[in-house]
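Presented below is the structure to which this report refers.
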Amino acid sequence: MPELAEVEYFRTRWNPGLGRKIEAVEIHAHARIFRGTDAKGLVRALTGAKLERSEARGKQMLFVAKPARGKARAWLGIHLGMTGDLRIEKHGFAPGKHDHLVLRQEKEALVFKDGRMFGRILFALDEETPPWWSKIAPDLLSREFTVAVLGDFLKRRKKAPIKAVLLMQERFPGVGNWMADEILWRAAIHPRQAAGSLDAAQTKALYREIRWVCREALRIIGKTMGDPPKSWLFPHRWQKGGKCPRTGAKLMHATIGGRTTCWSPARQKLR
DNA sequence: TCCTATGTTGTATG
DNA sequence: ACATACAACATAGG
């Protein structure tokens, strides 16, 4: 389920492990989530290292640990894919089928689980921040994300449906299927409208709703995994016979940009 | 049995 | 080179 705010929530679930030493590391090295990653190096560097801090950017998480010796840091990147999650278990817990990474500490175990294994573990041992972390696009709530930046991107992806464009992580880090639908519903833009055909007013509305949904999702979901209220599209979107909370009209569904998309035809007209 | 799933990526095509 | 579309990945649940 993880998009921007869910990723932030799962990141904080490992907070009890910060400032503590990792006694042992257990992995399923063959698991798909380690594709392209130096799994053995990861185990070597993290064993005995002290977990220092963590951070979330878009759909990615970073955990930084200080190995027992040397100046380098161990950089552990985690992407939750479609079904990944992080949790804490008691000392001595036995990993389940899809628990692919376990960091054992004195009192607790930090666990990464991912049933479908669309997620990914990244790792680096270096004094510098690895490029796979520093190259993530600017946060949508930062000053670097402006209406002009948004407008330029829409012009470059002019023929693609706006729904598909919002899912592009190179510009909209953290936006996933439900956030994109929520944003378009609030901005009253049809998900099939070509990105390059948005006028100035639509672009401004889109910008405003991107920021609003990011901020509110982080506030409601990021801290406690709370449920967005009934005034959002979110709780109605998958309900059979779901109705638009603003117009009362029946919601529509179709595959757009390769993903199941929900919109309110009464609010979102194709232009 | 068949369909769905809050994500990315490799490949084909324009 | 860039933009676009879509199958493929792997598993569980309705």
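These numbers were taken from a predicted model, which means no experiment stands behind them. Below, all heavy atoms of this structure are taken into account, side chains as well, without hydrogens, waters or symmetry copies. A, B, ... follow the sequence lines: proteins, then strands. Residue 1 opens every chain.
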Review point. Does A:Arg237 make a cation-pi contact with A:Trp178, if we ask for NZ or CZ under 6.0 Å from the ring centre and within 45° of the axis?
Key: no
**Study point:** Gap in Å between the two P atoms, one belonging to C:dA10 and one to B:dT11, rounded
**Key:** 15 Å
Revision key, fill the gap. Separation of B:dT8 atom C1' from A:Ile136 atom CD1, nearest Å, is 14 Å
Review point. C:dA10 pairs with which nucleotide, Watson-Crick or G-U wobble, both distances below 3.5 Å?
Key: none
Review point. A:His79 side chain: which of B:dT8, B:dA5, C:dT4 is closest?
Key: B:dT8
Practice item. Send over the distance from A:Leu166 CG to B:dT8 P, rounded to a whole Å. Key: 13 Å
Review point. Considering heavy-atom distances to DNA chain C, does A:Arg156 or A:Gly258 have its closest nucleotide positioned more toward the 5' end?
Key: A:Arg156
Exercise for review: Grab the CG-C1' distance between A:Leu167 and C:dC6 for me, whole Å please.
Suggested key: 14 Å
**Study point:** Test log, rule ring-ring contact (aromatic ring centres under 6.0 Å, His included), inputs A:Trp212 and A:Trp232
**Key:** CA-CA 12 Å; A:Trp212 191 90; A:Trp232 287 41; 5.5 Å; yes
Study note, to complete from the structure: When rounded to whole Å, the CZ to P distance for the pair A:Arg192 and C:dA5 reads 11 Å
Review point. Hey, is the main chain of A:Ala249 close enough, under 3.5 Å, to the side chain of A:Thr247 for a donor-acceptor pair?
Key: yes
Review point. Nearest-Å distance, CE (A:Met82) to C1' (B:dT9)?
Key: 13 Å
Review point. For A:Gln169 and A:Thr260, take the nucleotide of DNA chain B holding the closest heavy atom to each; which residue's nucleotide lies nearer the 5' end?
Key: A:Thr260
Check your understanding: What is the distance from NZ of A:Lys163 to C1' of C:dA5, rounded to the nearest Å?
Key -> 15 Å
**Study point:** Residues A:Asp181 and A:Lys163 bridged, charged N to O under 4.0 Å
**Key:** yes
Distance-only check: which donor-acceptor pairs under 3.5 Å involve side-chain atoms of residues 121-141 of chain A, not counting sequence neighbours?
| unit_1 | atom_1 | unit_2 | atom_2 | d |
| --- | --- | --- | --- | --- |
| A:Asp126 | OD1 | A:Glu128 | N | 3.1 |
| A:Ser134 | OG | A:Pro130 | O | 3.4 |
| A:Asp139 | OD1 | A:Leu141 | N | 2.7 |

Practice item. Provide the distance between the two C1' atoms, one in C:dA12 and one in B:dT9, to the nearest whole Å. Key: 23 Å
Point to revise | A:Glu8 bridged to A:Arg57 by N-O distance under 4.0 Å | key: no
Practice item. Please report, rounded to the nearest Å, how far the C1' atom of B:dG7 is from the CZ atom of A:Phe10. Key: 15 Å
Check your understanding: When you check the phosphate oxygens OP1 and OP2 of C:dA3, does a side-chain N or O of A:Lys158 lie under 4.0 Å from one of them?
Key -> no
Point to revise | Any-strand Watson-Crick or G-U partner of C:dA1, both distances under 3.5 Å | key: none
Practice item. Produce a footprint string for nucleotides 9-14 of chain C: one letter per nucleotide, 5' end first; B if the base is under 4.0 Å from any protein heavy atom, S if only the sugar-phosphate is, - if neither. Key: BBBS--
Please tabulate, one pair per line, all N/O donor-acceptor pairs under 3.5 Å involving side-chain atoms of residues 89-98 of chain A, not counting sequence neighbours.
| unit_1 | atom_1 | unit_2 | atom_2 | d |
| --- | --- | --- | --- | --- |
| A:Glu89 | OE2 | A:Arg87 | NE | 2.7 |
| A:Glu89 | OE2 | A:Arg87 | NH2 | 3.4 |
| A:His91 | ND1 | A:Glu106 | O | 3.2 |

**Study point:** Separation of atom CG in A:Asn177 from atom C1' in B:dT4, rounded to whole Å
**Key:** 12 Å
